[in-house]
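Just so we're on the same page: letters track the sequence lines, and every chain starts at 1.
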2 protein chains.
Amino acid sequence: MADKILIIDDEEMTVHLLTLLLEKRSFEVIKAFSAEEGLRKAYRHQPDLVLLDIMMPDMDGWDVCKRLREMSDMPIIFITAKDDTKDVVRGLEMGADDYIVKPYDNDELIARVRAHLRRAPKPNMSEEMVFNGGEFRINFMNREVRVRNELKHLTPKEFNLLAVLVRNAGRVVPRTELVTEAWGEEYADAIDSLKLYIHYLRQKVELDAEHPDYILTSRGVGYRFANR
Amino acid sequence: MADKILIIDDEEMTVHLLTLLLEKRSFEVIKAFSAEEGLRKAYRHQPDLVLLDIMMPDMDGWDVCKRLREMSDMPIIFITAKDDTKDVVRGLEMGADDYIVKPYDNDELIARVRAHLRRAPKPNMSEEMVFNGGEFRINFMNREVRVRNELKHLTPKEFNLLAVLVRNAGRVVPRTELVTEAWGEEYADAIDSLKLYIHYLRQKVELDAEHPDYILTSRGVGYRFANR
DNA sequence: CAAACACTGTTTGAATTGCGTAACAAATGG
DNA sequence: CCATTTGTTACGCAATTCAAACAGTGTTTG
């Protein structure tokens, strides 16, 4: 999934250029044209990284940085025309991760963004790499599935399908979404295959495949993984 | 306890100035005046962060960076006179965390060092990385692998491949990621070679190559080094 | 209520893919 | 020049995927 990057800057041109640059590398960009809007969108969208200007009319970047740090640990990169070393130091000591001075080089900016994303704690690491629903455990990291402590061997397509169901546990996932998420866009109309793979999964995972406990049907819509 | 910083640079003056600067802020400094010495001391002292020059007589900084990354996740900061953007990008994409161009500002350098230390996980590289209850030992410094106390000789490509697997122990590493990480971007579609080298590794490392204990296949996805 | 219909589940067997291995050729390096 | 390392191709075998037909079961409709 594409990383979400929030840009906070009151200069429309800067935001525009950054957006083009980032979207070309298939990042997902969220734009904010004031400090206040930036904080609101940071809260709402939970970006993976923030690019932050310092001089803005309503509130300065320092305060935004402080407020962002209060809510999350995401990487923050100042990107500004203020090239005084004092400011660089101040930004970094304030909890920012990097400080880039305009005019910046496009490739370098991308490389720095990537470097910080690489380091950042990925939410789907460790904890969320494992789903632990009582007698049903799935480890996304090593692609192992255990039911009632028994290791079940799944094929790649079986695992991917189950993974999507489990990630959306409790919610009915529409058939089309299910197959495209699990196997790719080109499977958008493979609902016949879907029936088959649901069948395979139930055989391997359910105690009684005819009365499934986990993989439930939502007639006319899709399937749902029971939560607890 | 004070953070340990390893400086690798063949110019004595640079090392000296950096040492003064860092020790004044009560960091613990380890000095290395060549690439080889740097690797050895990185291995021995397990620094919390590395400051690395690029141009050195015995081995260039890129290779040092690669070798350091094989053994640990510690932050690496290039600090060099090469100010070409191409080099900055190359350094960052290679796994370094920052790239500082000489002449640098003292306060900014300190601020950047602190910023990276703040983010980085404490190194847990042990004298010898040990897996599987001591049956499997891999020494990144002298690139030795021992299985059941037997020394196994691996070729460079074999070792690099194994290193990537071991550093991701427990996680299925997709085939493409495996080859690019181990051998470089240009191997992105060398999945045929991958099969071959997996074969070689298993011949050398596994008790029974047909029923591997360590190097496990995840059909259709990649390979995984067993943990525990 | 019963017949037609729509949707989901199941079976089967065949086609395809992927992995491991072998054999061998080429390149590398002391 | 020889030994080691790396790279290419091919093939058997098994796992996986796929297509198609069929069998249930619930739903709509006259």
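The two atoms that bring L49(A) and V113(A) nearest to each other are CD1-O, 3.7 Å, heavy atoms only.
Distance, I191(A) CD1 to dA6(C) P: 14 Å, rounded to whole Å. One atom, CG of L161(B), and another, P of dT5(D), lie 15 Å apart when rounded to the nearest Å. dG20(C) atom C1' lies 8 Å from atom OH of Y223(B), rounded to whole Å. For F159(A) and dA15(D), the CZ to C1' distance is 18 Å, given to the nearest whole Å. When rounded to the nearest whole Å, the span between NE2 of H211(B) and P of dT21(C) equals 10 Å. The nearest whole Å value for the distance from the CG atom in L196(A) to the C1' atom in dA14(C) is 14 Å. Put simply, CD on E186(A) is 15 Å from C1' on dC18(D), counting in whole angstrom units. Atom pair L178(A):CG and dT8(C):C1' shows a separation of 15 Å (rounding to whole Å applied).
Taking every side-chain heavy atom of H199(A) into account, dT11(C) is the closest of dG7(D), dT8(C), dT11(C). Of the candidate nucleotides dC18(D), dG7(D), dT21(C), dG7(D) has the atom nearest to the side chain of K157(B). Side-chain proximity of P156(A) to dT17(C), dT17(D), dG20(C): nearest is dT17(D).
Residue contacts shown for E158(B) are absent, as no nucleic acid heavy atom lies under 4.0 Å away. Contacts of Y200(B) with the nucleic acid, taken as non-hydrogen atoms under 4.0 Å apart, include base atoms. Nucleic acid contact class of D192(A) (heavy atoms, under 4.0 Å, all strands): none.
Separation of the F140(B) and Y43(B) ring centroids does not fall under the 6.0 Å cut-off.
Two residues, K195(A) and S193(B), neighbour DNA chain D, and the one matched to the more 5' nucleotide by heavy-atom proximity is S193(B). Between W183(B) and R219(B), the residue anchored nearer the 5' end of DNA chain D, judged by the nucleotide with its closest heavy atom, is W183(B). Residue R175(A) is the one, among R175(A) and I198(B), whose nearest nucleotide of DNA chain C lies closer to the 5' end (criterion: closest heavy atom).
In summary, K102(B) and E11(B) engage in a salt bridge, as defined by a charged side-chain N under 4.0 Å from a carboxylate O. Between K4(A) and E28(A), no side-chain nitrogen of the basic residue sits less than 4.0 Å from a carboxylate oxygen of the acidic one, so the salt-bridge criterion is not met.
Between H153(B) and dT4(D) there is no side-chain polar atom (N or O) within less than 4.0 angstrom of OP1 or OP2. Note on T155(B): every side-chain N or O is 4.0 Å or more away from OP1 and OP2 of dT4(D). Side-chain N/O atoms of Y197(B) include none lying less than 4.0 angstrom from OP1 or OP2 on dT21(C).
Partner of D97(B) under the side chain to side chain donor-acceptor pair (under 3.5 Å) criterion, chosen from R119(A), R118(A), H116(A), R112(A): R119(A).
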